[in-house]
Amino acid sequence: GALDHKPHYTLMCGAVKPFPRYPESDPKFYLSPQKKAGSPLIVFVHFYGGHQRVLKRHINLVNSLGYDAFAFNMPGFSSLKISLFYKGRIGVKHLYTRMLSFFLDQIEGRKIIFAFSNPSAAAIESIQDRTKSMGGQPDVVGLICDSGPSGNFLRSAWNLAIRVKSQPI
């Protein structure tokens with residue numbers, strides 16, 4: 001939760017603005033009570049159809065390790081009210097890239113992205129775009145991709161097993 005100390009990125013930005021035309025993005029900082037000096041901010045990107053509150057365990061973990069965190073909500077198909085286009089490309093991944101880049105642009109300092117499942121691809125695209133636009137000196141210094149959770153783990157595992165078994169090596 002928000003605590004008494006105010007890191008430079010919150011002072012510099014003031015309140016981080018919600019994503020245009022998606023006020024439900026609800027961007028929030030989660031500050032660590034034992035902040036490590038000079039540590040990067042952990043930016044969470046939840047899984048498709050998720051919400052920042054499902055990441056509470058992960059946020060609590062990084063806070064307990066001395067890292068501040070930042071999270072926001074991304075829409076699922078049922079709540080898409082905004083354009084799926086980004087830099088001439090179409091798709092939900094590109095929308096998520098645009099959202100993540102929008103928030104990263106508002107926060108100064110070094111960041112590590114902690115992304116879950118399919119939206120990890122948006123994190124990779126955002127890092128690539130930032131690296132190019134920042135002359136090879138990106139502010140994102142790390143990426144953690146967590147492949148779970150999966151609502152259909154057993155079906156996915158079975159499909160993978162069948163596909164692997166049927167493919168010549």
Side-chain angles (χ1 to χ4, degrees), residues 1-80 82 92-93 95-131 138-157:
L3 301 175
D4 293 334
H5 79 280
K6 299 235 185 278
H8 74 279
Y9 42 76
T10 57
L11 289 173
M12 193 278 300
C13 297
V16 174
K17 296 179 289 192
F19 190 73
R21 296 185 311 182
Y22 189 67
E24 299 89 351
S25 59
D26 193 26
K28 289 184 184 155
F29 286 99
Y30 298 86
L31 305 180
S32 172
Q34 58 260 16
K35 167 90 169 136
K36 289 182 179 179
S39 63
L41 175 72
I42 309 296
V43 176
F44 282 94
V45 179
H46 65 73
F47 54 87
Y48 181 79
H51 190 277
Q52 64 181 289
R53 74 177 162 260
V54 300
L55 301 176
K56 191 65 175 139
R57 287 182 306 166
H58 295 81
I59 291 169
N60 288 343
L61 173 66
V62 300
N63 282 169
S64 74
L65 296 172
Y67 294 90
D68 289 337
F70 176 81
F72 60 97
N73 300 319
M74 299 182 300
F77 277 123
S78 63
S79 59
L80 283 177
I82 48 185
V92 173
K93 176 183 70 112
L95 166 65
Y96 289 170
T97 300
R98 188 175 64 186
M99 290 184 79
L100 176 57
S101 295
F102 174 82
F103 290 120
L104 293 174
D105 286 345
Q106 293 185 68
I107 304 167
E108 192 173 88
R110 297 178 322 129
K111 303 168 222 20
I112 295 173
I113 299 174
F114 195 145
F116 292 81
S117 199
N118 209 24
S120 294
I124 293 167
E125 184 176 348
S126 181
I127 291 169
Q128 176 189 12
D129 290 350
R130 295 181 82 67
T131 301
D139 54 348
V140 177
V141 297
L143 172 64
I144 300 168
C145 297
D146 186 322
S147 63
S150 173
N152 281 322
F153 176 75
L154 292 177
R155 181 174 167 212
S156 297

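Along the sequence shown, residues carry numbers from 1. Side-chain atoms are counted along with the backbone in the values below, which use heavy atoms only and exclude waters and symmetry mates.
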Could you go through the side-chain contact (heavy atoms from CB on, under 4.5 Å) check for Asp105 and Arg130 one step at a time?
CA-CA 9 Å; Asp105 286 345; Arg130 295 181 82 67; 2.6 Å; yes

Restricting to non-hydrogen atoms, name the atom on [X] and the atom on [Y] that form the minimum distance, rounded to 0.1 Å.
X      : Y      : value
Ser126 : Leu100 : CB-CD2, 3.9 Å
Lys111 : Gly109 : NZ-O, 2.6 Å
Ala71  : Ile59  : CB-CD1, 4.1 Å
His46  : Pro119 : O-CG, 3.5 Å
Lys36  : Leu65  : CE-O, 2.9 Å
Tyr67  : Ser32  : O-CB, 3.5 Å

So, taking the atom named [atom1] in [X] and the one named [atom2] in [Y], what distance separates them when rounded to the nearest 0.5 Å?
X      : Y      : atom1 : atom2 : result
Phe70  : Lys28  : CZ    : NZ    : 11.0 Å
Met74  : Gln52  : CE    : CD    : 11.0 Å
Glu108 : Asp139 : CD    : CG    : 9.5 Å

Given Tyr96 and Val45, is the side-chain contact (heavy atoms from CB on, under 4.5 Å) satisfied, shown in steps?
CA-CA 9 Å; Tyr96 289 170; Val45 179; over 6 Å; no

Flag, side chain of Arg110 to backbone of Gly142, donor-acceptor distance under 3.5 Å:
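Between the backbone of Gly142 and the side chain of Arg110 there is no qualifying donor-acceptor contact (under 3.5 Å).
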
Verify, without hydrogens or angle tests, whether Ser101 (side chain) and Arg98 (backbone) share a donor-acceptor contact under 3.5 angstrom.
no

Going by heavy atoms in the side chains, are [X] and [Y] under 4.5 Å from each other?
X     : Y      : value
Asn63 : Leu31  : no
Ile42 : Tyr30  : no
Ser25 : Phe102 : no
Val54 : Phe116 : no

Look at the aromatic rings of Phe44 and Phe114 and report parallel, tilted or perpendicular, splitting at 30° and 60°.
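It falls in the parallel class, under 30°.
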
Run through Val141, Ile144, Leu143 and flag the one making a side-chain contact (heavy atoms from CB on, under 4.5 Å) with Ile113.
Leu143

